[in-house]
A.B. asks: 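Below are the structure tokens for one structure; questions will follow.
Owing to the predicted nature of the structure, the values given are computational and were not obtained by experimental measurement.
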Amino acid sequence: VQLQASGGGLVQAGGSLRLSCAASGRTFSDYAKGWFRQAPGKEREYVAGISWGGSSTYYTDSVKGRFTISRDNAKNTVYLRMNNLQPKDTAVYYCAASANVGVPSASNFNYWGQGTLVTVSS
């Protein structure tokens, strides 16, 4: 499966962005999906995950209540809605796919897209 992330950009603190990740290749709905981010000088962080059916989700503590992951299997797309963005959210965001049915752990992703840069100014 091939993944193409988009939607990054520059936003002021308190603003919002929606990232999209379009998938092609094998049937989109066969895969759970996730979003990761990597800030300069830091390790990659698992931000959010969603099961193949969309009924189960995972969020890292720092984004709970601000970020929402969702998927539209008809459009082969997974989204990450990010509200109340803060400078600490500045990073390159990557989407990923997993053959898991449920929400995958960070180590269970098999396919990766290229990143999209999110920059939050204070």
A.B. asks: For residues 13-23, pull every pair meeting side-chain hydrogen bond (donor to acceptor under 3.5 Å, both in side chains), keeping only residues two or more places apart or in separate chains.
C.D. replies: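 Residue pairs passing side-chain hydrogen bond (donor to acceptor under 3.5 Å, both in side chains), neighbours aside: S16-N83.
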A.B. asks: Ignoring hydrogens, what is the shortest heavy-atom contact between I69 and K33? Give both atom names and the distance.
C.D. replies: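 Heavy-atom minimum between the residues: CD1-O, 4.2 Å.
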A.B. asks: Within this structure, what is the CD-OG1 distance for the pair Q12 and T119, rounded to the nearest 0.5 Å?
C.D. replies: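 So the gap between those two atoms works out to 13.0 Å.
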A.B. asks: So, taking the atom named OH in Y94 and the one named CZ in R44, what distance separates them when rounded to the nearest 0.5 Å?
C.D. replies: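 CZ of R44 is found 8.0 Å from OH of Y94.
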A.B. asks: Test of understanding: with salt bridge (Lys or Arg N to Asp or Glu O under 4.0 Å), list the residues that count as partners of R66, not counting sequence neighbours.
C.D. replies: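 For R66, the residues satisfying salt bridge (Lys or Arg N to Asp or Glu O under 4.0 Å) (neighbours in sequence not counted) are D89.
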A.B. asks: Does any part of the side chain of V63, heavy atoms only, come nearer than 4.5 Å to the side chain of R37, both counted from C-beta?
C.D. replies: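 A side-chain contact under 4.5 Å exists here.
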A.B. asks: Where does the angle between the aromatic ring planes of Y46 and F36 fall among parallel (under 30°), tilted (30 to 60°) and perpendicular (over 60°)?
C.D. replies: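 If you compare the ring of Y46 with that of F36, the planes turn out parallel.
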A.B. asks: Locate the shortest heavy-atom distance separating K75 from T77; write the atom from each residue and the value.
C.D. replies: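 Minimum heavy-atom separation between K75 and T77: O-OG1, 2.8 Å.
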A.B. asks: Would you say W35 ends up clustered with L17 if hydrophobic residues are merged whenever their side chains have heavy atoms under 4.5 Å apart, either directly or through other cluster members?
C.D. replies: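 L17 and W35: one cluster.
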A.B. asks: Would you give the length of the straight line joining atom CG of L85 to atom OG1 of T90, rounded to the nearest 0.5 angstrom?
C.D. replies: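 Reported value, rounded in 0.5 Å steps: 8.5 Å.
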A.B. asks: Closest approach of L80 and A48, non-hydrogen atoms and distance?
C.D. replies: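 So the two residues come closest at CD1-CB, 4.1 Å.
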A.B. asks: Looking at CZ of R71 and OG of S51, how far apart are the two atoms once the value is rounded to the nearest 0.5 Å?
C.D. replies: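 Between atom CZ of R71 and atom OG of S51 there are 7.0 Å.
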A.B. asks: Spell out, yes or no, whether Y111 and V103 are grouped together once hydrophobic residues are joined by side-chain heavy atoms under 4.5 Å, including indirect joins.
C.D. replies: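 No, it is not one cluster - the side chains of Y111 and V103 are not joined through contacts under 4.5 Å.
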A.B. asks: Where do A13 and Q86 come nearest, in terms of heavy atoms and distance?
C.D. replies: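 Scanning both residues, the minimum pair turns out to be CB-OE1, 4.4 Å.
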A.B. asks: Is the backbone N or O of G102 less than 3.5 Å from a side-chain atom of N100, with the two atoms forming a donor-acceptor pair by type?
C.D. replies: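 Such a contact is absent between N100 side chain and G102 backbone.
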A.B. asks: Counting N and O atoms only, with roles assigned by atom type, does the side chain of Y31 sit under 3.5 Å from a partner on the main chain of N110, one being a donor and the other an acceptor?
C.D. replies: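 No, because the side chain of Y31 does not come within donor-acceptor range (under 3.5 Å) of the backbone of N110.
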A.B. asks: Would you check if the side chain of S98 reaches a backbone N or O of N108 as a donor-acceptor pair within less than 3.5 Å?
C.D. replies: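 Yes; judged by distance alone, with no hydrogens or angles, the pair exists.
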A.B. asks: Would W112 end up clustered with V92 when hydrophobic side chains under 4.5 Å apart are linked, directly or stepwise?
C.D. replies: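 Per the 4.5 Å side-chain linkage, W112 and V92 are co-clustered.
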A.B. asks: Decide whether V120 and Y59 are clustered together by the hydrophobic rule: side chain heavy atoms of Ile, Leu, Val, Met, Phe, Trp, Tyr closer than 4.5 Å, transitively.
C.D. replies: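 V120 clusters together with Y59.
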A.B. asks: When you measure from the side chain of T57 to the backbone of I50, do you find a donor-acceptor pair of N or O atoms at a distance under 3.5 Å?
C.D. replies: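 Side chain of T57 to backbone of I50, a donor-acceptor pair under 3.5 Å: no, none is there.
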A.B. asks: For Q4 and Q114, work out which heavy atoms get closest and say how close.
C.D. replies: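 Of all heavy-atom pairs spanning Q4 and Q114, the closest is NE2-NE2, 3.2 Å.
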A.B. asks: Hydrophobic clustering (ILVMFWY, side-chain heavy atoms < 4.5 Å, transitive) - are V47 and V118 grouped together?
C.D. replies: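 Linked, V118 and V47 end up in one cluster.
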